[in-house]
Structure formats: C-alpha cells, structure tokens
**Q** 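One structure, pasted below without further comment.
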Amino acid sequence: MIEMDKAFDFKTAQSRWYATWEAAGTFRADPKSPKQPFSMSLPPPNITGNLHMGHALAYSLPDVLARLKRAQGFDVAWIPGVDHAGIATQIIVERKLKEEGTDRHQLGRDKFLERIWAWKEQNQLDIENQLRRLGASLDWSRKRFTMDPDLNRAVRKVFVEAYAQGRIYRGPRMIQWDPVSRTALSDLEVKHVERQGKLWHLRYPLADGAINGVGDIVVATTRPETMLGDTAVAVHPDDERYTHLIGKLMNHPLTGRQIPLVADGFVDPAFGTGCVKLTPAHDPNDHAAGLRLNLPSITVIGFDAKMTAEAGAYAGLDRFECRKKIVADLDAGGFLVKIEDHTSQVAVSDRTNAVLEPLVSEQWFMNVKDAAQQALQVVREGRITFTPQHHVAVWEHWLNNIQDWCISRQLVWGHRIPAWTCGDCGHLHVELEAPIKCAECNSTKLEQDPDTLDTWFSSALWPFSILGWPDETTDLKRYYPNDVMCTSYDIIFFWVARMVMSGLTWTDQVPFKQVYFNSLVRDESGAKMSKSKGNVIDPLEVMDEFGTDALRFTLISMSAPGTDIALSRTKLESSRNFCNKLWNAARFVQINLTDEVTLNVEPELGEAEFWMIGRMRDVIQKVTAALDEFRFHEAADLLYHLVWDDFCATYIELAKVNLTHGTPAQKAAILHFLDILLRALHPMVPFVTEEIHEAVLSDRLAPGESKLLAERGWPLDHPVLAKQGGDASLIPRLQDILSAFLRLKAENGVDPAKRVAAACTIIELAPFAEALKAIARLESVDFTRGDLASPTRVVGVVSGGTIALELAGLKDPVAEKAKLEKEREKLLKELEPLRARLADESFVTKAPEAAVAKLRGQAEEKEARLDQILALLR
RNA sequence: GGGCGUAUAACUCAGCGGUAGAGUGCUACCUUCACACGGUAGAAGUCCCAGGUUCGAAUCCUGGUACGCCCA
C-alpha cells in the first residue's frame, strides 16, 4: 500500500501524472470509436510567449469540459497548436539580431527566416510543456502550427479563391503604417491612446489681400509637420463665419503654394477656429475629404517616418524633429498665432506602441461585408450561442460597421502572399502554386509579392484547417464544426468574428456551436496585470508554490461569467487548503481500510450513508447542469462544500465509528463515496485526485476498470447514487443539536474537552448517541421526552426540542435566565415581520401558495421555539 | 461622442422577485487518535443613491453617481 503523507505533495504529483496520461493515450481522439464526438480547438498561444495567467484561465476552463465530456463517454478531440504571431515574433528575433550587431537586411530574407524558424522550434517546445504542466488534456498527436505546410495550403486556397471571387483585391488605400516594424496594420491593431499635446493656431494669409478687414485664415492643428502636404483649408459649409470666404485662395506660409478654402461637412466648427488644414496624404479624414473634393494629395512623410523630398527644405528630417523646426520657422515668420495645451487621441501600434502614420500605400484587402452579415445572422438565429450573452451587443455593433480588412503585412515572417507579377508585361498572377511562366506573355521573369499575410488570416481558418481542410478528411467530417470554443473576449473581433466569417464562407458551416468567453485575470485590487506595473502573477511560480490544482481550482471557482477575476494569494491558499483537505480525508479513509474492502463489496448503508448519498446525488446533478451552462464557479463552489462540509465535517465524523471498527461492508460505503467524489472533482483538480486514486483506489477497483482516474466515468449514474432510504431529516437535526451542545458549552464557559452528562428530548436521534458523545464530548446522553429543566442543568432550545447539559457546579441560573431572555427577544424580533406578513390579507391571497406555506413553516418553527423558551422561563 | 459592464460584510466575490451568503481576515477558545494548509463558537452588511412596478425589490424598470472596459 502506498503511504500517504500528512500533507499533499503537489510537486511530485503534478510532475508524474501528465506523462502517464499522455503515454496511455488518454487524451487521444479516436475517429473510429462508436462514441459521440465532442470537439474543441485550442486557441493557439503565440510562440513568442510564456504561459501567462490569461492562458492559465483560458486553458483550465476548457480542460474541465474536455475531462468532463471524456468521463461522460464522449470521444473528445481537443486539438492543440501554436500561432506564428507574425509581428510579435519578427520583433523579438529582430531585437536579438540587433544585440548581435546585425539586422535582417544584412542577413537577407532567407537567412532571417532560418533564424526565426530555429527560434520558433525552441519556444514552441517551451509553451507546449507549459500547457502540459497546467494539465491541459490535449490530443498532442493532432497538434498543429499555423505555418505547417497543410495549413499554408489552406491559406493559399482561401486567398486564391477569394481573389477569383473578388473578395480579395489589391490597391492603393490609406492605411495605418507602423514606422517601427515597417508594415501596414489593420484597424484592429490600432490602439487609441490619450496624449498630452498642443494645438497650434497658424495663420494662412489670403492670396488676394484682406476681405472685410480679414487678411488671413487661422487654422488649428495638432500636427503642424503635415502642413507641407496641405492642399486646402476646410470649414463647415454652414459655418457663417467663413461662408463668404469659401473658394478664396491662400498662400501657404511655408511652401508658397496657393491653396483654396473649401467646405466639407466633416469639419467640426467647435474645434479650434473652425478651420482645419487639409492634408489628404496624411490623415484619414482629410484623405476622404480630398477624394470627395477632388484635391491633390502630396506625400511629405515617408515609410521611414522621415520627411520626403516633397518636404523641400525639411526633407530627411524625422517627423517630430520637423515639427519643432516648422513651429520655430512659423513663429519667426509671424505665422504662429498661439499654442494651446490639448489632449488628443493618438493612434499607436498595438504591438510596438509606435505612433502610427496614416499613409497611402499599395496593399491587399479583403471585403468581408457579406460574410459579416452571415456572421450576424447565425448568432441571431442561435446557431452559435455566446456565454455571457451580453457580448452579442458588441458583436452586432462591430460587424454592422465592418470595414475592408487590410491583410498584407510588410513582414518576412508569415504566410507569403501567393501573387506573382510578370517582370515583362506586368500581369498579376494569383495562383495556388508558383507559375513557371507568365500566362499572358510567356515571360519567366515572375516575381512573388514580398509581403506576408496578417497573422489572423491563418488563425481565421484554424478550426477547420487543423482538421485537414480543404481535404474531406475523417477528422474534418467527425470533429467539425467544433462543439465549443473557449476564448477571451478581448479577441472577439480579431479571432472569433473572423473564424465565424471564414467558416461560413469556406465550409458553409458555423465553425463551432457555442462560444464561452472567459474573463480577464487581474491582480487582487482589480488592476490589469502589466509588466510596467509590476503586478504580474506568473502562473508557473504559482504552480510551484501552491500547486497546479490550487491554481486551477482558484481560476475555476472565480469564473463567474461576465466579471473579471481578481486573483489573490488568499484565494490561492484557500484552494491549496481545499486540495489538502481532500487529501487528508482520503488518507483517513485509506488508513482504516483493510485489504478485503474494495469497490466490489456491496456497501452497507445506514442513515448517515443515505444522507451522504442524497447530498452527493443532489450536488453532482447540479454540478453537471452548471458545467453544461458554463457556470464553472457554481460547480466549483458546490463541490467545495460537498467535500468540506458534507463529506469531511459531517459524514466522516458520523462514520468514524464504522470506519475504525466497522465491517468491510460498512467501510465499502465510504470507499464508494470517495470514489464518487474523486471522479466528480477530477476535471477541476486532476493531479491531486489522480494521486489519491492511485493510493487508495487503484488496488480496489472493479474488474475492467481503468487504473487511471482520468479514464474513469462521470459519477452521475453511479449505482450507489441511486440508492434511496432512511429519514432525510435526521442528519440535519443531528447537526443542529450537535452545534447546540457545543454552543451551550461555549456559552457557559465549559472546556470543550470536558465530558459532561447531557440530555435531549428528540428521541429519534437516540441511535446516534455514540456519535454525539464523541463529537460533542459528552459523558452520556439521556434521551427522554420529559421536562429537562432542573437546578443542576443548563438548558437550550433547538428545532423540535430541548437539550440540556448537567453542570451542577458551573451553572449560573441568573446568566442562564438572561440568555434565555435574550433569545426570547431575538425570536420575537424575528417573528414580528413574519406575523405581520401572514396577517396581511393581500399577501396571503396574492402570493403563490408555496411562498405562503414556506413562510408559515418558518413562523411555526419559531413559535414553537418561543413556546419552549417561555416554558423554561416560567 | 456611442456602447457594454460593475457597485452586496474589513478584503475578494457569489446570489439576481419571497426578506442576505461564501472564501479570506477579525475575536475567543481548542495541538481531540485525517488534516493547525485543522477544529469549535462568535462579531460584522441603510445589498451605491433617488423614484417607480409589485402583496413583496439587493434582485425588475427609470433616472442619477462612481469605477472599469470596448468602439469612434
């Protein structure tokens, strides 16, 4: 027999079991199995990352589902993988090159890619092993990487077909340019941050001299450096201050160019002076206005964020340096009217935090308007459900306002765009495979587009590409659509929306039926974890300090849908203590077992057993229902109290006599209960339960049962749970009087360990005399219907009777009377609203019968207690 | 500017039409033969504010206030 230590050694347990499960193939899906399939795709973590607390949560919750479904008899396919994370990865490897004194341009595209692949191999292993440490029951035989050859094939197929259908097109458009990573970004990768800046008021002189005494137009701008590209000044058409000047020309203060005053509705008359300069090449609003008004566009800032040749004297300057110089020059020239402080929203890159430059550039785009409508439809129709539901509102808003998606990136790391341009005739070929020669002119001078696709382009295909799409594979037929997608709500647009759109477009099916959005994990004061704040809690450290099970249980029990999680040490301690409690309960059971006690022995059931069975049946039913609806916190809470309060505090205490001196049949009952509890808890705390299972149960199983708890069934239909019998009210009443005895002792200053004689009027509990004596430390218990009041006894009132302790020397009649009077007052106070409500005609007639009956029951109970107190006081 | 969410015990949070709960902390006591990562008893709350609906509201509705997040 394996000896169990006094405290659960989680370190040993969590390093042993994963390898065992993996070797046994416990988590491997089997398409040939007669079982019903249940499938999920792991949101692929970036290869750049270490496991952080967000992952720990996002992967613990689906693991609960995967383990539950496996236990319920499903063929579970939970498929892992990692994401190549285009920008993030390239930034990291480029940083490494910089440390080595080189860069990607020196290295060249091919060598640079080699470096990234090498780095990826190592990092992928790290993150995969971290997932194993977390206990995530993934089918590693099906693991994927977003840049695997067959996933690349899926990407190319989608690109080529979408191009043929006109969904994908190329063209010059204004995009957000990240000058640090030197790539275009999609709107979603742009973050708007509030920055303290200035508002410069600049004078643009009217070319034909003053009109009505007004010699110039004053514009307000937050970006003076772009004025070199101004091709107009705009006002609101209804702004009466300026209507008479519309169409007049101005002299540009720096370039000397003449530009007109134009009117356009986008101008906010309340902003600054009501006049804004128009720079179509460097501002999205100006760009749109420029197109509407047919204005020329002059690009003065380049892709390196430096001023171009068009900037004349300022050419070559960094954009922010240029700003300073321009302001100084304007000031010197008398064109600077004033400078105000101004907070403005600055667009920065989500990844690099670089201030973005809106630039017109040749990029690839995807029109997703139709797909968006379909995505809206399937959610409205309930073909995909969201938990929590309130995310539907955001979903609706975003998809209804969706813009074309800029999918090309000027990066090396990613899926290369399958487009080739003919060097001779300029024809564009979008093909699955590299063409040998130009179909138009037979030239062999074909050059592939150097750009790669947005990382999310391949992620969007994840649920079906990992199953072998576009081939009609066995896996695709069986595991697609996925049943559940568990992910974070912060990537609802980046990922979830795009998966739904591409799933509908390319497979004509929803990619998954239910989406569960997990919360974000915050620190204990509710602040977002960030490296700069220094409040990051590392899940790897937590697993070392408190155990993986404690971490998982904490995250699960705090996962109430819709609220973020404030992770705290105390909560982790509490979960660790819970695992230890379970461990010790099992240890106590194990110590008292003899070899002949096995799960094959028909258990002998008494009152306590029937009560415990009832509790387990009730709780496990509720847990099953809660997990079905993603109410993880509720499931965890129910099991916590089932183990701690019902099994440990109540049942084991009552069963101690049987456990230590009972027959094998009596002990078998306890063994069955432990078996049921372990199976119910395993999805949440797999390591401690598997460890206990090995120590206590693996030698006592029925023939044919797996020795691995991870392979055993969900206990809901366990035959022992179906047993009925006994008087369900007995144990709660016993608990009540136990507590009352202890309270009487405490109130009267009796040492809890001191054994005193006791009496009780509830004679139905006489069979529990031994347990009562042991738990409440009583000398004896006299069960009698008679009056317990006596000069030597202190008396207490419980539900349905009275109890007494023989305290000859210790009794203080005055204090006792005072206590009873106090209780009488308390009862009267509690009864007051009850009596009032029951006397209320409208309540009794209008409220549902059950509500009235319940209240009446409560009132009767209290009245009875009051009667007993009054009798004792007489 | 628009949208979403949250306000409940000292702290972190459940509950979301029948009259308030958990974990932690706090107070007192207990090293009792599974567990001090334990046990027993106890104190602790105008359920953010103001209206409304209802026999009845922490719970539903309306309007505030505060905080958080998302979008523009």
**Q** Where the side chain of A:Asn580 is concerned, which of B:G23, B:C37, B:U32 is the nearest nucleotide?
**A**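 Minimum distance to the A:Asn580 side chain belongs to B:C37.
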**Q** As a test of understanding, state which of A:Ile402, A:Val500, A:Leu399 forms a side-chain contact (heavy atoms from CB on, under 4.5 Å) with A:Leu376.
**A**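 Of the listed residues A:Ile402, A:Val500, A:Leu399, the side-chain contact (heavy atoms from CB on, under 4.5 Å) partner of A:Leu376 is A:Leu399.
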**Q** Does any nucleotide pair with B:A14 by Watson-Crick or G-U wobble geometry, both distances under 3.5 Å, and what is it?
**A**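 Paired with no nucleotide.
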**Q** Considering heavy-atom distances to RNA chain B, does A:Ala7 or A:Ala746 have its closest nucleotide positioned more toward the 5' end?
**A**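 The 5'-side residue here is A:Ala7.
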**Q** Please give the nucleotide sitting opposite B:U54 as a Watson-Crick or G-U wobble pair, both distances under 3.5 Å, or none.
**A**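 For B:U54, the partner nucleotide comes out as none, under the 3.5 Å rule.
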**Q** How would you label the contact of A:Tyr640 with the nucleic acid (heavy atoms, under 4.0 Å): base, sugar-phosphate, or nothing?
**A**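 Touches sugar-phosphate only.
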**Q** Under the 3.5 angstrom rule, does the side chain of A:Asp5 hit a backbone N or O of A:Ala7 as a donor-acceptor pair?
**A**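 No, the answer is negative, given that no donor and acceptor are paired below the 3.5 Å cut-off.
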**Q** Using atom C1' of each nucleotide, how far apart are B:U65 and B:A50 to the nearest Å?
**A**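 Between the two C1' atoms, the distance is 11 Å.
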**Q** Between A:Lys571 and B:G25, is there a side-chain N or O to OP1/OP2 distance below 4.0 Å?
**A**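 Checking B:G25 against A:Lys571, no side-chain N or O comes under 4.0 Å of OP1 or OP2.
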**Q** Taking atom P in both B:C47 and B:G21, what distance in whole Å separates the two?
**A**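 These two P atoms come out 14 Å apart once rounded.
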**Q** For the side chain of A:Asn584, counting heavy atoms from C-beta on, which of B:A34, B:G38, B:C55 is nearest?
**A**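 Among the listed nucleotides, the one closest to the side chain of A:Asn584 is B:A34.
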**Q** Would you mind telling me which of B:U19, B:A41, B:C13 lies closest to the side-chain atoms of A:Ala566?
**A**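 The closest nucleotide is B:C13.
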**Q** Is there a side-chain contact between A:Arg743 and the phosphate of B:G42, meaning an N or O under 4.0 Å from OP1 or OP2?
**A**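 Yes, such a contact exists.
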**Q** Which base sits across from B:G42 as a Watson-Crick or G-U pair, both distances under 3.5 Å?
**A**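 Check on B:G42: paired to B:C26, both distances under 3.5 Å.
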**Q** What's A:Pro848 touching, base or sugar-phosphate or nothing? Going by heavy atoms closer than 4.0 Å.
**A**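 Here A:Pro848 touches the bases of the nucleic acid.
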**Q** Side chains of A:Ser574 and A:Asn577 only: does a donor on one sit below 3.5 Å from an acceptor on the other?
**A**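 There is no such pair (donor and acceptor under 3.5 Å, judged by atom type) between the side chains of A:Ser574 and A:Asn577.
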**Q** Do you see a donor-acceptor pair shorter than 3.5 Å between the side chains of A:Glu629 and A:Thr387?
**A**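 No, no side-chain donor-acceptor pair sits under 3.5 Å.
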**Q** Does B:C71 have OP1 or OP2 sitting under 4.0 Å from an N or O in the side chain of A:Asn401?
**A**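 The answer is no; no side-chain N or O of A:Asn401 sits under 4.0 Å from OP1 or OP2.
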**Q** Quick one: label A:Lys191 by what it contacts on the DNA or RNA (base, sugar-phosphate, nothing), any heavy atom closer than 4.0 Å.
**A**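 Counting heavy atoms under 4.0 Å across all strands, no contact is made by A:Lys191.
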**Q** Counting any heavy atom closer than 4.0 Å, what does A:Cys648 reach on the DNA or RNA strands: base, sugar-phosphate only, or nothing?
**A**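 Result for A:Cys648 = base.
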**Q** Taking any heavy-atom pair under 4.0 Å as a contact, classify A:Gln345: base, sugar-phosphate, or nothing.
**A**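 Base contact - A:Gln345 has a heavy atom under 4.0 Å of at least one base atom.
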**Q** B:U27 and B:A10: how far apart are their P atoms, nearest whole angstrom?
**A**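 Here B:U27 and B:A10 have their P atoms 16 Å from each other.
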**Q** Should A:His391 be listed as having a side-chain N or O under 4.0 Å from OP1 or OP2 of B:G5?
**A**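 It does not, given that no N or O in the side chain of A:His391 lies less than 4.0 Å from OP1 or OP2 of B:G5.
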**Q** Nearest to the side chain of A:Arg587 - B:G18, B:A34, B:C33?
**A**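 Of the options given, the side chain of A:Arg587 lies nearest B:A34.
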**Q** According to the interplanar angle, ranging from 0 to 90°, do the rings of A:Phe553 and A:Tyr640 count as parallel (below 30°), tilted (30 to 60°) or perpendicular (above 60°)?
**A**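 Ring orientation of A:Phe553 relative to A:Tyr640: parallel.
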**Q** Select one nucleotide: of B:C37, B:A34, B:U12, the one nearest the side-chain heavy atoms of A:Met558.
**A**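 The listed nucleotide nearest to A:Met558's side chain is B:U12.
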**Q** Any N or O donor-acceptor pair under 3.5 Å from the base of B:C35 to the side chain of A:Lys581?
**A**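 Between B:C35 and A:Lys581, which were checked side chain against base, a qualifying N/O pair under 3.5 Å is present.
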**Q** Between B:U19, B:A34, B:G5, spot the one nearest the side chain of A:His390, thanks.
**A**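 Within the option list, the nearest is B:G5.
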**Q** What's the closest nucleotide to the side chain of A:Phe588 if the choices are B:C37, B:G56, B:A34?
**A**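 Among B:C37, B:G56, B:A34, the one nearest the side chain of A:Phe588 is B:A34.
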**Q** Who is the Watson-Crick or G-U wobble partner of B:A66, with both distances under 3.5 Å?
**A**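 Base partner found: B:U6.
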**Q** Taking the side chain as every heavy atom from C-beta outward, state whether A:Asn518 and A:Tyr489 have any atom pair closer than 4.5 Å.
**A**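 A side-chain contact is absent here, since even the closest heavy-atom pair is not under 4.5 Å.
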**Q** Looking only at atom P, what distance separates B:G15 and B:A72, rounded to whole Å?
**A**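 B:G15 and B:A72 have their P atoms separated by 32 Å.
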**Q** Roughly how far, to the nearest 0.5 Å, is CG of A:Leu639 from CE of A:Met616?
**A**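 That separation rounds to 11.5 Å.
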**Q** Please give, in whole Å, the distance from B:C35 P to A:Tyr651 OH?
**A**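 Between P of B:C35 and OH of A:Tyr651: 19 Å.
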**Q** Identify, between A:Tyr489 and A:Glu653, the residue whose nearest nucleotide on RNA chain B lies closer to the 5' end.
**A**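 The residue closer to the strand's 5' end, by nearest nucleotide, is A:Glu653.
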**Q** Provide, to the nearest angstrom, the distance between the CD atom belonging to A:Glu573 and the C1' atom belonging to B:G25.
**A**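 Atom CD in A:Glu573 sits about 11 Å away from atom C1' in B:G25.
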**Q** What is the separation between atom CG on A:Asp268 and atom P on B:A72, rounded to the nearest whole Å?
**A**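 Nearest whole value for this atom pair: 19 Å.
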**Q** Rounding to the closest angstrom, what is the interatomic distance between B:C16 and B:C29 at atom C1'?
**A**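 That atom pair is separated by 39 Å.
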**Q** Answer with base, sugar-phosphate or nothing: what part of the nucleic acid does A:Ser739 contact at a heavy-atom distance below 4.0 Å?
**A**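 Sugar-phosphate contact only - A:Ser739 comes under 4.0 Å of backbone atoms but never of a base.
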**Q** Taking CZ from A:Arg755 and C1' from B:U32, how many angstroms apart are they, rounded to a whole number?
**A**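 For the pair A:Arg755 CZ and B:U32 C1', the rounded distance is 8 Å.
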**Q** Using 30° and 60° as the class limits, which term best fits the ring planes of A:Phe517 and A:Phe386: parallel, tilted or perpendicular?
**A**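 Perpendicular: the ring planes of A:Phe517 and A:Phe386 meet at over 60°.
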**Q** So which nucleotide from B:U32, B:C70, B:C35 ends up closest to the side chain of A:Arg777?
**A**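 For A:Arg777, the side-chain atoms sit closest to B:U32.
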**Q** Just to confirm, is there a sub-4.0 Å distance from OP1 or OP2 of B:G39 to any side-chain nitrogen or oxygen of A:Trp644?
**A**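 Yes.
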**Q** Just to confirm, is there a sub-4.0 Å distance from OP1 or OP2 of B:C11 to any side-chain nitrogen or oxygen of A:Thr570?
**A**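 Answer is no, no contact under 4.0 Å.
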**Q** Please check: side-chain N/O of A:Ser60 versus main-chain N/O of A:Leu57, any donor-acceptor pairing under 3.5 Å?
**A**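 Here the side-chain-to-backbone pair does not exist.
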**Q** Just to be sure I understand the rule, does A:Ala560 reach a base, reach only the sugar-phosphate, or reach nothing, if contact means heavy atoms closer than 4.0 Å?
**A**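 Touches sugar-phosphate only.
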**Q** Which of these nucleotides, B:A34, B:G18, B:C70, is closest to any side-chain atom of A:Ala851?
**A**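 My answer, after comparing the listed nucleotides, is B:G18.
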**Q** Which of these nucleotides, B:C4, B:G18, B:A22, is closest to any side-chain atom of A:Asp637?
**A**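 Of the options given, the side chain of A:Asp637 lies nearest B:A22.
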**Q** How many Å lie between CZ on A:Phe647 and P on B:C35, as a whole number?
**A**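 To the nearest whole Å, that distance equals 15 Å.
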**Q** Could you tell me the separation between the CG atom of A:Leu520 and the C1' atom of B:U6, rounded to a whole number of Å?
**A**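 Distance check: A:Leu520 CG to B:U6 C1' gives 14 Å.
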